[in-house]
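Note that these values count all heavy atoms, side chains included, but never hydrogens, waters or copies made by symmetry. Below, chain A is the first sequence line, B the second, and so on; all start at residue 1.
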2 protein chains.
Amino acid sequence: MAQTAPTAEFKLFVPGPVEIDEATRSIGARQPPYMRTEAFSRFTLDIFDGLKRLVGTSGEVVILTASGTAAMEAAVSSIFDAHDRVLVIDGGTFGRRFVNLCEVHGVPHEVIRLDPGKDLPMDLFAAKVHGGRFTGVLVNAHETSTGALYDIQAMGQVLRGSDTILVVDAISSLLADPYRMDDWGVDVTIFSSQKGLALPPGLSFVALSSRAAARARALPRRTLYLHLGDYLKDAERGQAPYTIAVGIMLQLGHRLAAVHAVGVDRIVADCAARAALFRAGLRGLPLEVLPERPSNALTALRLSRPGLAAPDLVRRLSDQFGIVVAPNAEPLRQRVFRVGHLGALTIEDVKKVLAALRTLLAGE
Amino acid sequence: MAQTAPTAEFKLFVPGPVEIDEATRSIGARQPPYMRTEAFSRFTLDIFDGLKRLVGTSGEVVILTASGTAAMEAAVSSIFDAHDRVLVIDGGTFGRRFVNLCEVHGVPHEVIRLDPGKDLPMDLFAAKVHGGRFTGVLVNAHETSTGALYDIQAMGQVLRGSDTILVVDAISSLLADPYRMDDWGVDVTIFSSQKGLALPPGLSFVALSSRAAARARALPRRTLYLHLGDYLKDAERGQAPYTIAVGIMLQLGHRLAAVHAVGVDRIVADCAARAALFRAGLRGLPLEVLPERPSNALTALRLSRPGLAAPDLVRRLSDQFGIVVAPNAEPLRQRVFRVGHLGALTIEDVKKVLAALRTLLAGE
């Protein structure tokens with residue numbers, strides 16, 4: 001058995017897990033309590049309030065012990081079935097994940113396919129919606145594989161007044177970009193512990209408007225573990241149907257208090273400042289920002305001159321500087337990599353990444 | 001927001017989460033690393049080896065970021081479908097969970113229903129198996145709701161030489177009771193982080209024999225998040241298809257090294273000693289051990305005289321002594337409660353529970 005884990009002397013600039021502040025980390029060393037108690041139910045009800053303030057909803061929220069993909073699957077399989085017809089925005093890995101979920105669960109769907117980094121043309125979206133009789137729209141606020149941020153507020157305006165359920169994967173956007181669930185007319189918001197919340201991975205969340213929750217309560221179970229109807233029922237008394245990741249819940253309680261103490265807008269502004277500083281510092285380097293409309297969560301960069309391949313650059317940043325950035329999967333693997341701005345990072349950290357890139361790309 | 005969580009001054013005698021030793025807890029305060037690296041893949045491959053030694057298999061193992069129920073669902077939905085016919089042993093809450101999973105996923109099934117705490121008569125099981133043409137058997141090694149331990153070794157002998165896939169939920173039994181996956185002819189073993197492994201909840205595991213893995217690889221996806229075929233594929237290179245609970249993985253690496261350093265048999269023997277001491281100390285108290293064949297993991301106790309109800313006793317143990325034991329759900333709620341022996345507990349801890357029970361039940 002490995003006695004040691006690969007943790008030391010690295011700083012994370014990836015879309016998750018991200019750097020965690022010391023106070024939050026230290027809570028990870030606590031003994032998790034038993035969760036089937038009134039005290040833990042009260043603690044959980046407080047957490048629900050904090051989560052709802054985070055996304056800006058007066059609706060309901062449930063907590064899954066699982067990754068963000070599970071929360072996406074819970075939303076799709078608990079809210080839609082073969083009688084529905086949904087429109088999916090597919091601009092990369094996570095848009096395709098929504099498509100795959102529709103396929104696996106037999107939800108009829110149409111896809112708007114976007115090239116990597118391209119924005120969603122709102123006239124195209126409006127034309128599709130008005131001609132399509134869709135009961136749902138599935139979109140990633142931030143397509144994490146390309147750094148593209150879609151205009152959820154504008155999409156909500158297009159759908160306003162309709163019966164169409166707007167489902168938004170805000171996993172890698174929340175606390176990096178502005179987000180207003182109720183104000184923008186979003187019905188379902190999916191998010192996770194290890195992105196803007198800067199907690200360890202293991203918890204994911206689904207916030208639901210009253211009409212989305214009504215659908216989830218009415219549909220029969222497609223799965224046991226991902227059936228939101230059961231979670232909504234138990235959430236009323238501050239519980240979850242299955243054993244929750246109690247340790248991360250303790251960290252979540254602390255973190256929500258800390259976030260709301262400074263304010264969500266301030267957290268977003270700080271992340272935006274790191275992203276802006278980083279992008280301004282790229283001038284003169286053979287790197288192009290990939291997306292037309294980038295999220296503050298990360299910057300996806302394309303190497304604009306032949307030479308060093310992206311996987312080599314990613315490895316050298318790690319080996320020589322202890323700077324961990326994210327590689328891309330195919331088809332962008334050779335030319336694209338991503339530098340994250342989420343989590344407990346400072347302006348100094350951003351400058352270090354820029355300096356390292358300058359050094360490594362000096363000869364390019 | 002709650003600033004504090006319900007953690008202080010309690011000791012856990014529940015089936016999970018359990019008491020975690022200090023060295024393992026302290027690793028929970030570390031910064032989780034990025035998992036899409038070669039270093040983390042190597043770390044994960046070592047963990048797979050440690051997990052396989054734990055259950056005693058030369059087969060394969062996958063890790064889910066989820067509770068034990070999700071691992072049960074992954075096994076049922078990835079290995080069986082409408083062409084199968086499975087036999088389920090239902091002696092309580094977790095046996096019924098297997099029944100529910102068969103219902104939700106359309107797996108034809110027959111049920112052996114056992115009264116709370118009753119052992120499985122092996123002649124009944126053999127008669128069912130030999131007359132039933134079952135392609136699978138689903139059983140909880142330890143039915144956690146009643147404390148009953150079924151004889152998995154004997155069940156394996158009945159099935160030996162057949163094509164029937166034996167699926168064992170060993171979640172609350174592993175590291176409390178002896179377990180030999182390959183020797184006993186078990187095809188699938190389901191277990192979790194927060195029981196005998198004494199880690200925080202958030203990770204669950206499925207170990208598979210080669211024929212069970214072949215089934216999981218061949219069946220089409222019923223879900224995305226719980227499809228074992230995808231996990232088996234990514235496990236070959238030490239990865240998981242979706243973001244894993246990296247923080248708990250670090251603790252798991254440490255814990256597996258510690259368990260194998262002293263030996264699985266020693267951990268089991270220590271838990272057995274705590275269970276035996278506790279049960280011997282019950283003499284003279286108005287409490288009866290519920291199951292005919294109890295697991296070492298916990299003791300389910302029935303109040304044998306009218307008077308104090310079980311929920312009141314559970315609350316007084318917590319309020320007056322900081323001793324957290326587990327209540328039961330209906331229909332056993334009023335008369336039954338459970339005292340756990342899993343985790344970082346000592347003989348002194350066991351004596352404290354006995355002394356507290358003596359005090360509270362003195363007037364009964």
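The greatest number of non-hydrogen atom pairs below 4.5 Å with chain B, out of A:P327, A:P220, A:S26, A:G28, is found for A:G28. For the set B:T243, B:L224, B:V314, the entry with the most heavy-atom pairs within less than 4.5 Å of chain A is B:L224. Comparing B:A245, B:P241, B:P201 by heavy-atom pairs within less than 4.5 Å of chain A, the highest count is held by B:P201. When the candidates B:R222, B:E38, B:M249, B:E103 are compared by the number of heavy-atom contacts under 4.5 Å with chain A, B:R222 comes out ahead.
Within the 4.5 angstrom heavy-atom criterion, no atom of B:R315 approaches chain A. Proximity to chain A (any heavy atom under 4.5 Å) is restricted, for B:V325, to the backbone atoms N, CA, C and O. Looking at B:I244, only its backbone comes within 4.5 Å of chain A, counting heavy atoms on both sides. Interface remark: B:A261 contributes no atoms to any contact with chain A (heavy atom separation under 4.5 Å). Both the backbone and the side chain of A:A326 come within less than 4.5 Å of a heavy atom in chain B.
Under the ring-ring contact (aromatic ring centres under 6.0 Å, His included) criterion, A:F98 pairs with no residue at all, not counting sequence neighbours. The ring-ring contact (aromatic ring centres under 6.0 Å, His included) test applied to A:F321 returns no partner, not counting sequence neighbours.
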| query | Can you check side-chain contact (heavy atoms from CB on, under 4.5 Å) on A:Q194 and B:V246, steps first, answer last? | reply | CA-CA 10 Å; A:Q194 81 280 12; B:V246 184; over 6 Å; no
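Considering only heavy atoms from C-beta on, B:R97 comes within 4.5 Å of A:Y242 through its side chain. Under the 4.5 Å side-chain criterion, counting only non-hydrogen atoms from C-beta, A:I20 is in contact with B:P32.
Closest non-hydrogen pair, B:M35 versus A:P17, comes out as SD-CD, 3.5 Å. Residue A:V18 comes nearest to B:Q31 through the heavy atom pair O-NE2, 2.9 Å, listed as atom of the first residue, atom of the second, then distance. Residues B:T223 and A:H105 share a closest heavy-atom pair of CA-NE2, 4.3 Å. Closest approach of A:R25 to B:R30, counting heavy atoms only: CD-C, 3.7 Å.
Judged by distance alone, the side chain of B:Y225 and the main-chain N or O of A:G68 form no donor-acceptor pair under 3.5 Å.
Of the inter-residue distances, the one linking B:L64 atom CG with A:T65 atom OG1 reads 12.5 Å to the nearest 0.5 angstrom. Summarising the geometry, atom CG belonging to B:N328 is positioned 13.0 Å from atom CZ belonging to A:R36; distances are rounded to the nearest 0.5 Å.
Atom CD of B:E330 has more than 12 heavy atoms from other residues, nucleotides or ligands within 6.0 Å.
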